[in-house]
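All remarks here apply to the structure that follows.
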Number of protein chains: 2
Amino acid sequence: MAKRILLVDDEPLIIKGLKYTLEQEGFETDSAADGEEALSKFFSGNYDFILLDVMLPKLDGITVCQRIREHSNVPIIMLTAKGEHIDKILGLEYGADDYMTKPFNILEVKARIKTIMRRASGTQPTEAKKVIRVHDMEINSVNRAVNLGGKDVRLTAKEFDLLQMFVNNRGKVFSREAMLETVWKYDYTGDARTVDVHIRRLREKIERNPAQPEFIFTKWGVGYYFTDKD
Amino acid sequence: MAKRILLVDDEPLIIKGLKYTLEQEGFETDSAADGEEALSKFFSGNYDFILLDVMLPKLDGITVCQRIREHSNVPIIMLTAKGEHIDKILGLEYGADDYMTKPFNILEVKARIKTIMRRASGTQPTEAKKVIRVHDMEINSVNRAVNLGGKDVRLTAKEFDLLQMFVNNRGKVFSREAMLETVWKYDYTGDARTVDVHIRRLREKIERNPAQPEFIFTKWGVGYYFTDKD
DNA sequence: AGAGAATTGTTACGTTTTTTTCCAATTTGT
DNA sequence: ACAAATTGGAAAAAAACGTAACAATTCTCT
């Protein structure tokens, strides 16, 4: 049974990004653009998780959080813009389970949701693997280290995030836009060519022969994908 | 069998933080928000440990402590805000085993609970090593002393906490935010640059050449990590 | 309680590293 | 072969880090 997530934010861009990626992850999502809509949806629907912006039209996020808490222990992550003096303490005091500062990227969101889901359900594992092996490549997400045929490979933060995204979705073709939404902050408005450059450098580091990749393949006219069977 | 801890405090934030961390450590927790609830929970439930705030609604912590002591020797740590008269508690006149001054940090809490649990039960579960050696560095967590190649190194409290956090999680990359949550007091909402400065000072003391660290490495774009294999 | 010392936190700035942009060369599919 | 898409090199821009100097806070000792 798919988990249902309620996304509450008045910026359509954020809703769109979250919606897209979380649905790709197998969640069902629904959204609300202001505090009143959030409450009405929450009480009529049945949600397993809530992502709740603090600044909302009509009814602010903290009030929404409190109202929900009067009736439910559903996990809530609060979203705050950087600089909003809703510091963590305030947010947690009203019963939120965690908070995130905007802008964030999808990888972060997924990690937080998984952590909190696990904590809430009591059952632990279902945890993403800490070390992943593909051919002779070993990817350690705790150390953020990559080893290729016995040799350590030094990746930058973005390169590692990209690789991680690929490896966790082997075979899946990502468009450049999808990659920008996953690995970059949601408000990033850069060029899609940027992705090409990062792919190139990632290949230079993990492919023995970047012109004939073993790991990261080009899907002409679409994007890139990672696979272990060539 | 998991140890059960009763948390008594009227500040939801503190309950929340303690609950989270102690459950991560494998304890079961339950909480009470005032003195009466504390007593009623204590006498109906079965707890292995109690964290008890002094200032409580309805019935103060000292009275609660006395009442419990009339019936049980369960270990009790009292929590006091700074400035409260704790001398009497210190003398253990009311039967508490230890006390802590708010605000505290998570490392402190875990350490105290473990110490007292061990003293109380005689046996000690999953105890962290007292003396850890990495290369020619020796870290003694009992007297909080560090010796490097035969020479004693004087670390401040924060520096030692940081080092301890690192050494107990070798290889793991910590973001600045994660460090602030682990090593700093729970109500600290300072800047991430602060972490950099402490890292620098720690490096100045334990690294022969801070520009080319042997122990504490920078993970660009992410944070810092400690490792024994360079 | 208060002076002085030590520790901790803040800010600003130079340096290094990463990220992005731009454009030409090359490859790919029809 | 042609057009569209990708790749590669290099320079510009941005971000992250290290350092130092200073401010604030806490601790210590009288």
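Residue numbers start from 1 in every chain, and the chains themselves are labelled A, B, ... in the order their sequence lines are given, proteins ahead of strands. Small disclaimer: the values here were computed from a predicted structure and weren't measured.
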Exercise for review: For B:D191 and B:R176, run salt bridge (Lys or Arg N to Asp or Glu O under 4.0 Å): C-alpha distance rounded to whole Å, both residues' side-chain angles, the deciding distance at 0.1 Å, then the answer.
Suggested key: CA-CA 9 Å; B:D191 194 86; B:R176 292 169 177 73; over 6 Å; no
**Study point:** Candidate pair B:I113 and B:L51, rule side chain to side chain contact (heavy atoms under 4.5 Å, CB included), full reasoning
**Key:** CA-CA 9 Å; B:I113 290 182; B:L51 279 171; 4.1 Å; yes
Review point. Run the side chain to side chain contact (heavy atoms under 4.5 Å, CB included) check on A:F215 and A:F226 step by step: do they pass?
Key: CA-CA 5 Å; A:F215 300 113; A:F226 185 100; 3.5 Å; yes
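Spacing between atom CD of B:E177 and atom C1' of D:dA16 amounts to 13 Å, rounded to whole angstrom units. The distance from atom CG of A:L202 to atom C1' of C:dT20 is 17 Å, rounded to the nearest whole Å. Rounded to a whole Å, the CZ atom of A:R193 is 14 Å from the P atom of D:dA4. Atom pair B:M179:CE and D:dC17:P shows a separation of 10 Å (rounding to whole Å applied). We find that CG of B:L155 is positioned 14 Å from C1' of C:dT8, with the value rounded to whole Å. Put simply, CD on A:Q212 is 15 Å from C1' on C:dT26, counting in whole angstrom units. Rounded to an integer number of Å, the gap from CD of B:E204 to P of D:dA20 is 7 Å. Between A:E207 atom CD and D:dT7 atom P there is a gap of 11 Å when expressed in whole angstrom units.
The residue B:A157 sits close only to the backbone: its heavy atoms come under 4.0 Å of sugar-phosphate atoms, none of a base. Counting any heavy atom pair closer than 4.0 Å across all strands shown, B:R203 reaches sugar-phosphate atoms only and no base atom. Using a 4.0 Å heavy-atom criterion, one finds that B:D191 contacts the sugar-phosphate atoms exclusively.
Between B:K219 and A:D196, it is A:D196 whose nearest contact on DNA chain D lies nearer the 5' terminus. Closest-nucleotide positions on DNA chain C for A:Y188 and A:A211 were compared, and the one nearer the 5' end corresponds to A:Y188. With DNA chain D read from its 5' end, the first of the two nearest nucleotides for B:V222 and A:Y224 is the one closest to A:Y224. Between A:T156 and B:K205, it is B:K205 whose nearest contact on DNA chain C lies nearer the 5' terminus.
For A:T218, no side-chain nitrogen or oxygen approaches OP1 or OP2 of D:dA5 to under 4.0 Å. For C:dT8, the OP1/OP2 oxygens have no side-chain nitrogen or oxygen of B:H198 closer than 4.0 Å. Residue A:W184 places at least one side-chain N or O closer than 4.0 Å to OP1 or OP2 of C:dT20. Listed pair B:T194 / C:dT8 fails the phosphate criterion, with no side-chain N or O lying under 4.0 Å from OP1 or OP2.
Taking only distance into account, the side chain of B:R201 meets the base of C:dG9 through a donor-acceptor pair shorter than 3.5 Å.
Within 6.0 Å of the CD atom in A:Q212, the count of heavy atoms belonging to other residues, nucleotides or ligands does not exceed 12.
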Kindly list each side-chain donor-acceptor pair under 3.5 angstrom involving residues 157-166 of chain B, sequence neighbours excluded, with atom names and distances?
from: B:E159; atom 1: OE1; to: B:T156; atom 2: N; distance (Å): 2.9
from: B:E159; atom 1: OE1; to: B:T156; atom 2: OG1; distance (Å): 3.4
from: B:E159; atom 1: OE1; to: B:K205; atom 2: NZ; distance (Å): 2.8
from: B:D161; atom 1: OD1; to: B:R144; atom 2: NH1; distance (Å): 3.3
from: B:D161; atom 1: OD1; to: B:R144; atom 2: NH2; distance (Å): 3.0

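Of all nucleotides listed (D:dG8, C:dT19, C:dT18), D:dG8 comes nearest to the side chain of A:R200. Listed nucleotides D:dA20, C:dT20, D:dT6 differ in distance to A:W220; the shortest reach to its side chain belongs to D:dT6. Of the candidates D:dT6, C:dT19, C:dT8, the closest approach to any side-chain atom of A:K158 belongs to C:dT19.
Looking at A:K102 and A:D187, no side-chain N of the basic residue comes within less than 4.0 Å of a carboxylate O on the acidic one, giving no salt bridge.
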